[in-house]
Structure formats: C-alpha cells, structure tokens
Amino acid sequence: MVKLIAQTPCEGQLPMTIGDVTLTEVVIQTAWNVAPFAGKEADVSKALEAQSGVGFPAANRMLTKAGSRSIWVGAGRALVQCDGLPELSGLAAVTEQGDAIAAVRLDGPAAEATLARLVPLDLRVSTFKRGHTARSFVGHMAASVTRVGAEAFEVMVMRSMARTLVHELEEAAKGLAARA
Amino acid sequence: MRLKGKGFPDQQRSVPFTFDGERMTGHAGDTLASALLGNGVRLVGRSFKYHRPRGVYGAGSEEPNALVTIGHGAAADPNVRATVQELYEGLEARSQNRWPSLKTDVMAVNDLLSPFLGAGFYYKTFMWPRSFWEKLYEPFIRRAAGLGALSGDHNEDRYERAFAFCDLLVIGAGPAGLMAALTAARAGVDVILADEDSRMGGRLLSETTEVDGKTGHLWADDVLAELRGMDNVRLMTRTTVFGAYDQGTFGALERVGHHKPRKGDELPRECFWRIVAQRSILCAGALERPIAFPNNDRPGIMSASAVRSFANRYGVVGAPEVAVFANNDDAHRTARDLIAAGVKVSALIDSRDDVEVKVDAPVFTGARVVQTSGRLGLEGLTVEQGGRRHGIKAGVLAMSGGWNPSVHLTCHMNGRPVWDAGIQSFVPRDGAIPGMTVAGAARGRFSTAACLADGAEQGAAAATALGRKNVISPDVPHAEGAAYRHQPLWAVEGRGRKWIDFQNDVHVKDIKLAAQENFRSVEHMKRYTTQGMATDQGKNSNVVALAVLADATGRGIPETGTTTFRPPYSPVAIAALGAGAQGKGFAPQRFTTSHAASIARGAPMIEAGLWYRPSYFPATGEKTWREACDREVQMVRSTVGVCDVSTLGKIDIQGPDAAAFLDFVYTNTMSTLKVGKVRYGLMLREDGYVLDDGTCSRLGEMHFVITTTTAAAALVMRHLDFVAQALRPDLDVQIVSVTEQWAQFGVVGAKSREVLNTILDKPIDDDSMPYMGCADVGVAGVSGRLFRISFSGEHAYEVAVPARFGDSLYRLLVANAEMFGGGPYGMEALNVLRIEKGFITHAEIHGRTTAFDIGMDRMISPKKDCIGKTLARRDGLVDEGREQLVGLKPAGAVKQLTAGAHLFDAGAVATRENDQGYVTSVCYSPTVESYLGLAFLKNGRARHGQTVRLVDHLRGIEALCIVCDPVFFDPEGGRLRG
C-alpha cells in the first residue's frame, strides 16, 4: 500500500537566526475557517468554548487555551486550531484551512523591527499587545499578523507564497542585522 | 586649512579619500566638504548652465554647488551634496558637469556666450524647425547642461522600506527640537525625534554660544543622553523628514550606508520610512540667504553660517584671509569666531549705517561688495563705502542676507506661508498641516533663548493635546537672547551678474527680464527663469528672487506672493521609494506543490499571474518546445497525462442560501444540481459581458465548491464577496477561498481511470463515478476529493488532496501514468487540447465578449434572474452582426495561423474599415495535423464553410482560412463519457 508523504509549506527553509531574530515555521496540524451563519455567532462561540476552551474571538483578537487557538481573520471569520472541531452544522460554515497557510514565527529582540520593514501596522507593544491580531500585508502579500509574545509574532500567508515570505523576512532581518 | 584645536573631528584619526583621483586626507567626523576645505580645495564643481567654477556654499542639505559623484560603476551615486556626505576611509569623490577636467572645462565657453543665453533663450531659440528639437537640440542641451549621470548599469545596492509609529514626531533636533522632545518625553509621550544631520544639536554644534553655562553642543549631548535613556523615545539621526502627507503620515529618508565603506552587500544604502504620528512639531530651523552682488558665486564665497560651521564644528577654513559681508549682526559673530580661532579677518562689511561694531578687524559700515575677482577661487573684492572704493584681499567671503525660516513641510498640504515684515521673510501659516505646530527658528524665533523656550512650550502643548495630564514645563535653560537686527538688502547694483539661484544659474537680470516680458506672476517668473526648479528647490534663492521680482514689478513682496514647496524637501533616490521591489521582489511568487518535481524533469516554468507553471516536459532528444508539446498532446489523446491544476481558483460556498446565491451569480441554475454532481457554469458582469467560467460541484445540501480560471481567481472572489455583502445581504451564505488548501491534479486520457485506481482506496467505475460526478475519496489513505470533469475532451478526472500531500501525490501519479505509457504534460499541451475542443479561456472571454458571442446565450436561464441578465439582452449585445466565436483552419499555401491577426473577406483590402474580426488562440494540432485557430468573426456562426483572409500586420503573415465550428475534435463528445 502506497503512502503519501506530507510536506510543510516552508519545508527545508527554516529555522534560521539572523542577528537578533529567529524565524521558525509554525507547523499547522489542523485548522478550520469558522464563519457563523446569520445570528449564530453566540451559539458557535459557546459550542467552540465547550469543546476546545476558546470561543469565537472579537475583531482583531486571538484566544488561546491549552493548545487551542481561535484567531480573528476577517469580518465574521475565525481560524480555529484545536484537536477535533465540535459539530457546528447549521451554525457555521466550516472549511478546512490547515493546508492553505504558511505560518512563520519571529522571536527575539529584533522581531518587531524586522516586521516594521514589511508590515504597515502599528506594532508597538503599547497598541498591539499579546493576543492582538490583524489582517494586513507582509510586503506585497496579504497576511494575518499576530503578536504571540513580548518579542514574538506569528505571520500567516497563503501556502503558495511560503518561499517569498521566508525570503522577505530573511532580507528584512539581514538589512537590520547589518546595521549593528 | 585646518584650525588647530577647533572642531569635533578627531584630528588624531586620519581618513584617506580621493577627489578627482587625487589622494587627500581628512579626519574622522569630517564631511566631504569640510575635508576638501581642510585640504585647501575651494573649487568643487561647475555650474549647471554656464559651467562657472563653483565651490562649497553652505554646510548642510541646502548646498546648491558642491554636488559630486561618489563611488564608481553601477554603484556610483551622482549629485551627492559634499556637505552631507560624511567622510570614510577610501571614499572616492568625483566632480561633475565638466570636461575634460574641473579646472579646464570646455563648456565654460557658455559663460562667455552668456549675453545670448539668458532666461527664455531656449524657448525663443529652439522653436523651429520643429523636427530638430527631439533629435538635435534636446540631446545637445542635455549634454551641455546638467548634473551627474547614472552609470546605465544595473544597480544591485540594497535599499530598505520601513514603517514607524509614534504619538509625537519632532522634526529637527536643534535647540527647539531638543526642548520639545524632552518636554513631551518627560510627560510620557511616545516621541520620535528625527534629524537629517549625522549628529543631533542643530546650530548648537556650529556656534560658540552657551546654554545653561555650558558650550551649546555639550548641553545638547546632555539632553540627548537623557532622551536616549527613555523607553518612549526614538532618536533617528541621518533621517530627513521630506514630506508631510495625509492622516499624520510623513515620508522620511534615512541614510544608512552612505557614510560607511562598502562591506558585503547587506547594509542598505538608504531606508525609506513612513512615519505615522498623532501630532508633530516642526523644528526645522532656518536657512541663511545670500545677497545678490556682482560675481557673488566664486569658489570661496559662502554663507556666513556655513563659515562658522566649518570653523567651529569642523575646525577648517577655506583660506587664510576671510572677509565678511552682511546686513545683520551675524556678521559680527562670524568675524569674532574667526578671530578667536586665529583666522585673519581682512574686512567686515556691514550694509547698515548705524551699527556699532566691536570687532578687531577693518570695518566698513554702510558699505557694499560691488565686485569680486579670482577665476577658480576668490582672490579679492571691491568694497564701496560712501562713494569710495576699497580693494580687499580675501580667499573666503562669508555673506549673510538674513535668515529664512524652513517652512517647507508646512506647504506640503497646500498651506501658503505668510509674510512677516519684522524678519522680512515668510513664516508658516497656523494649522497648515493638521496636528502640526512649528517651533523655534522655523517660525522666525531666531535667538537660542527663544528657540529653547518655544520648543519647551510647544512640546508641553503637544503632550497636553495628546491627553497627558499635569504636563510639567521644564525650566528653560539660559542662553543668548539677542534680538535679530537686520536691514533688508537683496541685490547690490554693479557690473556683472548677480547670482540668486546658484544651482540653476539664475541671476538678477533674468528675473528682471521675466518681469519685462510680462511674466510678472511669481509662478510665471519661476518657470521662465527656472529659479527654484533645481534639486535644492530654491532653498537658498526663493525669497531673494521674490524680492527682486517685487522690485521689478513695483509691488511689495507680500503682494508678489511666493511659489509653494512640494515634497520632497531634499532629493530622494527612486531606489529608496521602490525598495525591495527590484527584480523578483516586484511581486510575490506562488509555487504549486509540484514545482520541485516539474523542475527536476527540466520543465521550463512560465508565469501565470503570480503562479509558476510548467510549459512542457522535454524528453531526451527533443530540441524544440513544439516537439515536446506534440508528443504530450498525442500521449494524452492515446493513453494518459497528468497535469497540476491547483492554480485554478477554488471557492467554498456554504450556507442555508448557498444554492440561491449561486443561482444569482451564475447564468445557469445551480440549485437543481444534485449532491455529488458537477455542472459547468458561466458568470456575467453586471454590464452583461462574460466575467468568468468554471465548474460548480455540490458536496452537500448547503455546501458547494466552485472553480474559476487561474487568471480570474481573485477577481471572482472579490466579485462574490461584493455580491454577498452589498447586493444580496439577505442571503445567508459564507464564501471562503480553498485554492491553497487543495493540491489538485488532472488525470486525463483513456487510461486515466486505471491510473487512478492504483492510488484510490476504493476503485471507481462508471457507475460509482459517472461523467460530471464528484465525491469524497480516500487517496492512498488520505481524505481527498475526486471530480470527473474534462478540459481536453478526454475521459478525465481531477483528484484533490490537502496541499501537504501534493508533492507526494503528483510524483506518484506521474510514475503510475508512466506505467501505462503516459506521463506529465504542461501548459502548451493543455492549450492545444482545449483548442482542439473549442474550449474557451480568457483569450476568448477577454472582457469584451458576451455569452451570445461565444455561443452560450442559451446558458442564461429564462427561469430566474442573475447578475448581468438584463443588460446582456441589450439589442447591441445580441445583434447577429456581432463578432462570434468560430474555428479557423488554413486553406491556402500558408499553413501558419497567428493569434492577434485580423480577418478580412477573401477579396477585400486589409484595412481597418474592412475588418471582419480577429484571431484569439492558435495552435498546431498533432491530432488534426493542422494549425487550428479560434477567432471572433462578424456573423461568424452563419459563415461556416466560407474562406476568409487572415492578415497579421505585425508579423507580416497572410493566410487564407476556412471558417468552421470551433469544436475541431470529437464533436459528439464520445471520448468524454469513455
């Protein structure tokens, strides 16, 4: 019996450390886009929370609990990552997205400055705190940007753009490191 | 020459550099300008138009004369201001706009011809014959007049773009800027302090004045140390805020690598910052203006403030003997500083009568400089006082006509500055830029004490406006607070040209000529004379030019008005604005999961939108793409081929109203589709023209997945979102792109089912997977989807798995296809296969064709409404005379057809008036063994069997063609159902 081999979007490209920032791939096992039907947001949130510990996030927020996450990714939409999604039929459109996304985490004192080369958002910790997320751009790519720690961010783009994402982050980090 | 013990440059640390190939030595901390002066070099460049010898005029970014090229080859940087360029070891500088050398410049003949070359000369002279302009006059003028040149080679330098945010942006770090930043920062405001200089402190670095009992620059260092220690402060040196834009956004340019020797290629040369601030304070200071007197442009004639900067900050002076000419008290300060530094001041010429001068040098009050001498550098000057003339020896003349506040940024949003008679200059209009206030010399408060107090006050006001409570104004340090005493003096009468705009070679007579020829409006004068249109944007010349124009037209300066200042404040490299977009940085690259496998097989990749797709897969011995393409087509038609179709848009549509929504966006009915079935669909734009086509599969009662063409994937997604949000918010439906989730492969040909059955967990047959069926399937143990659809006319499937398994499945499918005599095929073969079947792509549905034109008007269901239905019924869109889709086959001696060619009646002349249509797609079909074409032909469906003439005017190809049905192969579709 043949078996298909899985590859991650950034296979063979990460991790790397450049100056004061480390880039690592965030391997996504399962993820769903959850989009509640009209008037069903509260029911969806309740069902999600009962199963995974995280409800439906408010706009520009990420909820996390014990390995489960729900990240706001647009009006009325969340990306939910957890073991096994609860039954939501009739409540929300559930779409598999675990293979659609390339996700990279930036860690280190230079993480914010690296993203400041690519993301046109105010990422200062005073305004963009841990658990804050936004739909924006990384260079020319549509992206989801989330602060996951004091010196840590996660960016998500379309899977097919993984190579460009790594390249752009690498170039930004190199230019920054060369100033030191 | 160097002044011992003066200035900041570390005189112990020598820095070697070259100027026009000559080896010289400066010190760490020098600019190129100060290093050149330190080496006794006064002649640095040639002027733009008359090629007059010129030297350093200023000491900052306003420098009009001392423009040089740094470096060589592709990395050469032209038009760098020597006063901004910091010295580094090995710096190579070259003078510009001269030939064969700086000292002997052939084009200086222009200067002798100057009586003929005044303002308006070009407009009057090169008018006719008209045809000479482009080929003769313009190239000649461009060669003769000009600045530095680019190498013409591809520049590999790295540039950078970045974003920054703050509560308060303070622009300029002189006494006002430092106090403003300090006051706001102490109140907890998030501050960015940006300054164009390599060191912060502004004029405090160049003057000997004391602040709080300390030398000015030491006080500045103390303030900077405090600011540096605060988390809420960001200091940006070498950063010019060059433009003010909407919503509190500022453009700024940081010089990152220009001041260092090149090491590797990773350090950006420049960074283009977009800074967004809730409030801003402009503390840009003021610029000293020249006085227009005869031959006031010789190398060695400099602004007085620059002479002080060079002496006090850099410890250099351009010559052993210096004269000073001014209409204000700064003259006295300049003379005193120079004498204190041990420099001989040969004369102090003050244009005012009633001043008391306490300077130990020959003093001429109520006097003017009326002439200068020295061809390649100032040697002497003639001073007129009370009708008597005196000859003075001097290698440097420090001149000051007063000060102009740097109002530039306040004009960037159309705010005009206002005239202040007290300082005889323009000051910013309040509220010219939302959220911006102006402090210090930039609004005409010139003394150090006034700057410090104003900065503190504006800083506190900004902090309060930002909602900070209990803002404490710090004690304003004690400093000199002398009033600004001056008397206007714009131009001095006398023989010779009196220069105003040094960079564009505009003198007093040019402006008078403009007025005489009735170009009296300031805007007309500017364009007639080109005053203020050089790269320095009239920083030095503007107010003097207005004063001369006002005088010539008999009006006052406020009535004359001023031209405005636009961004950028100082030149910005296009490379910085386009940072990161060189070469492939222009756009993201999208790669399919089969990319590596395709490359491994030697497939040339072509771009399809942002995607990269294999063109063809060359086999051993094949020399051209056609050989590979023909083989791949025959392979698909005889056995089986595998093709990555993941790039097609895939959109998941779910919800209680999903079916109703699809009925609304597709011309045909999707609500009647049964679960497990697929239907071809056509979408129209609201104007009735075709938007896109694709398939619609029903996965569940409330769950569909549709496909779009690769090219229109984003367009269709946007269209559907718009429809759902704006046109049909009543429908409960959710739309999510799943293009990236699934790797999808076409398995095409008579053996396709056999290949699939080698990998499917449960084999399929015609009953379990009939034509236009779809189902969830297990693919080698992975949950996938299977669609029985075809874009080739063959028995074919598309199989999809989560993208992580794409690479693995593709390799497996190709290997298994090869066992059946098949293999991979690329875009070329895919195109031939679809043309043979008459299937359309965006070559046909290019935005100007209707469902009627492509023969699909019956797909617009009469039983329901849909987007575009009403407008598609317009008479003009269903007229039989419209160009309709047809097939073409060669019928004459020429067998080649070309896309883009136009069609004419067989006997007609090939002119626009006789045009009958055009060819959209062509291929050579190994199946039919002929060239085939798809075309749009007037009334084409009624003309099958006729002969038309194909003419490709561009390629020079003509062919006779038979018009036929666009389906060339298997018109009954027997192979599809296999």
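Note on naming: letters A, B, ... go to the chains in the order of the sequence lines (proteins, then strands), and numbering restarts at 1 for each one.
Heavy-atom pairs under 4.5 Å with chain A were tallied for B/Pro588, B/Pro656, B/Ala658; the largest tally goes to B/Pro588. Among A/Gly98, A/Ser126, A/Pro9, A/Gly39, the residue making the largest number of heavy-atom pairs under 4.5 Å with chain B is A/Gly98. With chain B as partner, the option from A/Pro120, A/Ala178, A/Ser160 having the largest number of non-hydrogen pairs under 4.5 angstrom is A/Ser160. Between chain B and the options A/Leu176, A/Leu115, A/Val157, A/Val94, heavy-atom pairs under 4.5 Å are most frequent for A/Val94. When A/Met141, A/Gln97, A/Glu168 are compared by the number of non-hydrogen pairs under 4.5 Å with chain B, A/Gln97 comes out ahead. Chosen from B/Trp273, B/Phe805, B/Phe586, the residue pairing most often with chain A at heavy-atom distances under 4.5 Å is B/Phe805. Interface remark: of the candidates B/Ile653, B/Val256, B/Val782, B/Val256 forms the most heavy-atom pairs closer than 4.5 Å to chain A.
Salt bridge B/Arg698/B/Glu701: present, at least one basic N to carboxylate O contact under 4.0 Å. Using a cutoff of 4.0 Å between basic side-chain nitrogens and carboxylate oxygens, B/Asp190 and B/Arg234 are not scored as salt-bridged. At a threshold of 4.0 Å, the pair B/Arg590-B/Glu740 counts as salt-bridged, since one of the basic side-chain nitrogens sits closer than that to a carboxylate oxygen. For A/Arg117 and A/Glu171, the salt-bridge test fails: no basic side-chain N is under 4.0 Å from an acidic carboxylate O.
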CA sep, side-chain torsions, deciding dist, call: B/Tyr810, B/Phe745, ring pair (Phe, Tyr, Trp, His ring centres under 6.0 Å): CA-CA 7 Å; B/Tyr810 180 77; B/Phe745 306 104; 5.5 Å; yes
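The part of A/Asn33 that comes within reach of chain B is its side chain, from C-beta onward, which places non-hydrogen atoms under 4.5 angstrom from that chain. Using a 4.5 Å cut-off between heavy atoms, B/His703 makes no contact with chain A at all. Residue B/Lys584 does not touch chain A at all, counting heavy-atom pairs closer than 4.5 Å. Interface remark: B/Leu812 contributes side-chain atoms only to the contact with chain A (heavy atom separation under 4.5 Å). Looking at A/Thr95, the atoms closer than 4.5 Å to chain B (heavy atoms on both sides) sit in the backbone and in the side chain alike. Both the backbone and the side chain of B/Val738 come within contact range of chain A, judged by heavy atoms closer than 4.5 Å. Proximity to chain A (any heavy atom under 4.5 Å) is restricted, for B/Ser737, to the backbone atoms N, CA, C and O. For B/Leu610, the part lying near chain A is the side chain, with the backbone staying farther off; criterion is any non-hydrogen pair under 4.5 Å. Proximity to chain B (any heavy atom under 4.5 Å) is shown, for A/Ile101, by neither the backbone nor the side chain. In this structure, the portion of B/Glu160 lying under 4.5 Å from any heavy atom of chain A is its side chain and not its backbone. With a 4.5 angstrom heavy-atom cutoff, B/Asp167 touches chain A via backbone and side-chain atoms both. Residue A/Ile28 touches chain B through its backbone alone, counting heavy-atom pairs closer than 4.5 Å. Looking at B/Arg161, both its backbone and its side chain come within 4.5 Å of chain A, counting heavy atoms on both sides. Looking at A/Pro36, only its backbone comes within 4.5 Å of chain B, counting heavy atoms on both sides.
Using the six-membered ring where Trp is involved, A/Phe153 and A/Phe128 have ring planes that are parallel, under 30° apart on the 30 and 60° scheme.
With hydrogens and angles left out, the side-chain atoms of B/Thr592 and B/Arg613 include no donor and acceptor closer than 3.5 Å. Checked by atom type, the side-chain pair B/Gln744/B/Ser646 shows no donor-acceptor distance below 3.5 Å. The closest side-chain donor-acceptor pair between A/Thr22 and A/Asp107, if any, does not fall under 3.5 angstrom. Inspection of the A/Thr146 and A/Glu154 side chains reveals no N or O donor paired with an N or O acceptor under 3.5 Å.
Of all heavy-atom pairs between B/Ser808 and A/Ile5, the closest is OG-N, 2.9 Å. Counting all heavy atoms, side chain and backbone alike, B/Thr593 lies closest to B/Ala803 at CG2-O, 3.4 Å.
Taking non-hydrogen atoms and a 4.5 Å limit, the residue list of residues 40-76 of chain A in contact with chain B is empty.
B/Gln734 contributes no side-chain N or O that, together with a main-chain N or O of B/Gln654, makes up a donor-acceptor pair within less than 3.5 Å.
The local environment of CZ in A/Arg179 is crowded, with over 12 non-hydrogen atoms from other residues, nucleotides or ligands closer than 6.0 Å. The number of heavy atoms from other shown groups lying within 6.0 Å of CD1 (B/Ile599) is above 12.
Remark: A/Arg163 is positioned above the aromatic ring of B/Phe591, its terminal NZ or CZ atom under 6.0 angstrom from the ring centre and at most 45 degrees off the axis.
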